[in-house]
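Below is one structure, written out as structure tokens; the observations come after it.
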Amino acid sequence: MKMSDYWTTMASLVGMLAFCQTILQLVFPPELRLAFLHVLTRLRHVFSSHTYFDITEIDGVNTNELYNAVQLYLSSSVTVNGAVSSRNNNTRLSLTRVPNSSSVTFGLSNNDRITDVFNGVTVLWEHVVVQRQVQSFSWRPMPEEKRGFTLQINKRDKDLVLDSYLDYIVGKSEEIRRRNEERLLYTNSRGVSLDVRSHPWDSVRFKHPSTFDTLAMDPEKKKRIMEDLREFASGQGFYQKTGRAWKRGYLLYGPPGTGKSSLIAAMANYLGYDIYDLELTEVQNNSELRKLLMKTSSKSIIVIEDIDCSINLTKRGKNKKKNGSYEYDPGLINGSGLDEPGSSVTLSGLLNFTDGLWSCCGSEKIFVFTTNHIDKLDSALLRSGRMDMHIHMGFCKFPALKILLKNYLRLEEDEIDGVVLEEMEGCVEEAEITPADVSEVLISNRSDAEKAVRELVCVLKERVVKRRKNVGLKKVTKEEGEEEEEEEAEEEQEKRALDSPNRNREDFGFQDEEDKEEENEK
Ligand SMILES: Nc1ncnc2c1ncn2[C@@H]1O[C@H](COP(=O)(O)OP(=O)(O)OP(=O)(O)O)[C@@H](O)[C@H]1O
Ligand SMILES: [Mg+2]
């Protein structure tokens, strides 16, 4: 039999089966009809020259990233234009513009089809939307509609599609997002309920202008961070080989206004990652936290700002050591007791995700914690291996100052008067000024670069004078204080020695722990 005859016979067979299905629907009772339909559909698929792949929007509990990739790929104007002009002019496209987005996106309307050509092979995409049947009981709210794409290909092209077409789509969709420079900033709000689309995060388009070029910090440090990020992003093989979860943790610390948040934005822009701004105070307990973190996608930065204010370290008050740091409490780290409903998020719950068993849930994720007070952080968070890089964001130094001058006034080093430059170099460190404060001075005088520089030098000098005065004052007060304290301590000791019925208790090491602690605190 000739090939064309074979396909004609197959087509008529499939047609007959489809006809039988329609007749069945009209004649038989529902249960019988369903069973028959099932058998006939299987038969139809066996004899059909096509094979079908379903890519549903929600896969179990997780959003299917492949669905999003296909949607983006098909919505890219290039693809759509190509597909529409090449064949299917009747395809109906839905147009959307997300709030704050600069671009209009195309999408397939419900149950519409579109063809695409890959390596000379034609495939057919259908966007299938069906109403979900009303459920009497469900563990979690489900969306009212079930959405998915069905890919129809010729059976003989199956290998090609599985081997390279889907990978091509994923790659292309990432490229499209990067090209559109469309990053998303996600945030959580109180009482994480899985919404109808099973997504507990709210998102907005993220368009932060901060980049590594505009970031004022030590150039060497900047280079190291960029290298680290690059290695991380291209290190899939390394992480797999070494058996480590593909994630990285950065702890940014330093005074307010030194650029911690700006660095996070620069990281996201550099890698093209989304940001999940996790507001821990809005999360009620560890299980809610787990749900939230499970719903983060790969290629993302999960940020917890001001970690010292977000997690209640004072719960460990009992374990406060004499030097003011906090002791590692194994009970808490196991999460025992505190995972009950209503209880708060524990550090253990969080660390479980950063380097515990849950850390391998999803891949290519960066955790960034920020704090203004690194000394307040729990030692569990600081121990080696927890956060891969500790980055100090400090006051403005001369190299950082030059970057700010270039950013705000478009002034290169050689365009600034040598004497003025020297003056600035001489006092900027001692002035202990934050990049945010420098920016303020430069912004308010940005129309006149010369004036801005003069103003900045004045501000720097003023701060130096003020600081010197403060340091002098502190010294004097400290010395006076020390003298007074000594006198007071002597008096106290004499008094105690006279009053105490247990005069020698301290000498024999019987001093109460509480007394000792009180004294230490004094
Ligand atoms: N290193 C820096 N480079 C460039 N601009 C900076 C830098 N630091 C601060 N700025 C400027 O100051 C503003 C505040 O900085 P940013 O919010 O990044 O500081 P922060 O360290 O996160 O402060 P906080 O601890 O209060 O959150 C930014 O909008 C930016 O314009
Ligand atoms: Mg900040």
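In listed order, ligands and their atoms are each counted from 1.
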Close side-chain approach of [X] to [Y], heavy-atom, < 4.5 Å:
| X | Y | answer |
| --- | --- | --- |
| E430 | R463 | no |
| S439 | L404 | yes |
| L278 | L292 | yes |
| I403 | L215 | no |

Pair E282-S189, side chain to side chain donor-acceptor pair (under 3.5 Å): steps then yes or no: CA-CA 6 Å; E282 298 289 308; S189 45; 5.9 Å; no
Ligand 1 N/O within reach of K260 N/O, cut-off under 3.5 Å: yes
Contact check: S261 vs ligand 1, nitrogen or oxygen atoms, below 3.5 angstrom: yes
Stepwise ring-ring contact (aromatic ring centres under 6.0 Å, His included) check, F149 with Y67: CA-CA 7 Å; F149 284 104; Y67 174 89; 5.1 Å; yes
ring-ring contact (aromatic ring centres under 6.0 Å, His included) assessment of Y239 paired with F232: CA-CA 9 Å; Y239 284 92; F232 169 77; 5.8 Å; yes
Proximity winner for [atom], if only heavy atoms of [options] are counted:
| atom | options | answer |
| --- | --- | --- |
| atom 19 (O) of ligand 1 | P435, G259, G254 | G259 |
| atom 16 (P) of ligand 1 | C396, S262, P209, P256 | S262 |
| atom 3 (N) of ligand 1 | A216, S210, A400 | A216 |

Shortest protein contact, atom 14 (C) of ligand 1 (heavy atom only): A436 CB, 4.2 Å
Closest protein heavy atom to atom 5 (N) of ligand 1, given as residue, atom name and distance to 0.1 Å: L404 CD2, 4.2 Å
Test side-chain contact (heavy atoms from CB on, under 4.5 Å) applied to V453 and M424, step by step: CA-CA 9 Å; V453 173; M424 285 199 281; 4.1 Å; yes
Number of protein N, O or S atoms [distance to the Mg ion (ligand 2) under 2.8 Å]: 1
Going by the order shown, which atoms of ligand 1 are within less than 4.0 Å of some heavy atom of [X]?
| X | answer |
| --- | --- |
| Y408 | 31 (O) |
| G257 | 8 (N), 9 (C), 19 (O), 20 (P), 21 (O), 23 (O), 24 (P), 26 (O) |
| L215 | 3 (N) |

Distance, nearest 0.5 Å, that separates OG of S173 from CD of Q71: 11.0 Å
For the student: nearest non-hydrogen atoms of I264 and I301, plus distance: O-CD1, 4.3 Å
Whether F212 lies under 4.0 Å from ligand 1, heavy atom: no
Contact partition for N372 relative to ligand 1, non-hydrogen atoms under 4.0 Å: side chain
Residue pair N286 / T346, side-chain donor-acceptor N/O under 3.5 Å: yes
Geometric class of the F367/F369 ring pair [parallel <30°, tilted 30-60°, perpendicular >60°]: perpendicular
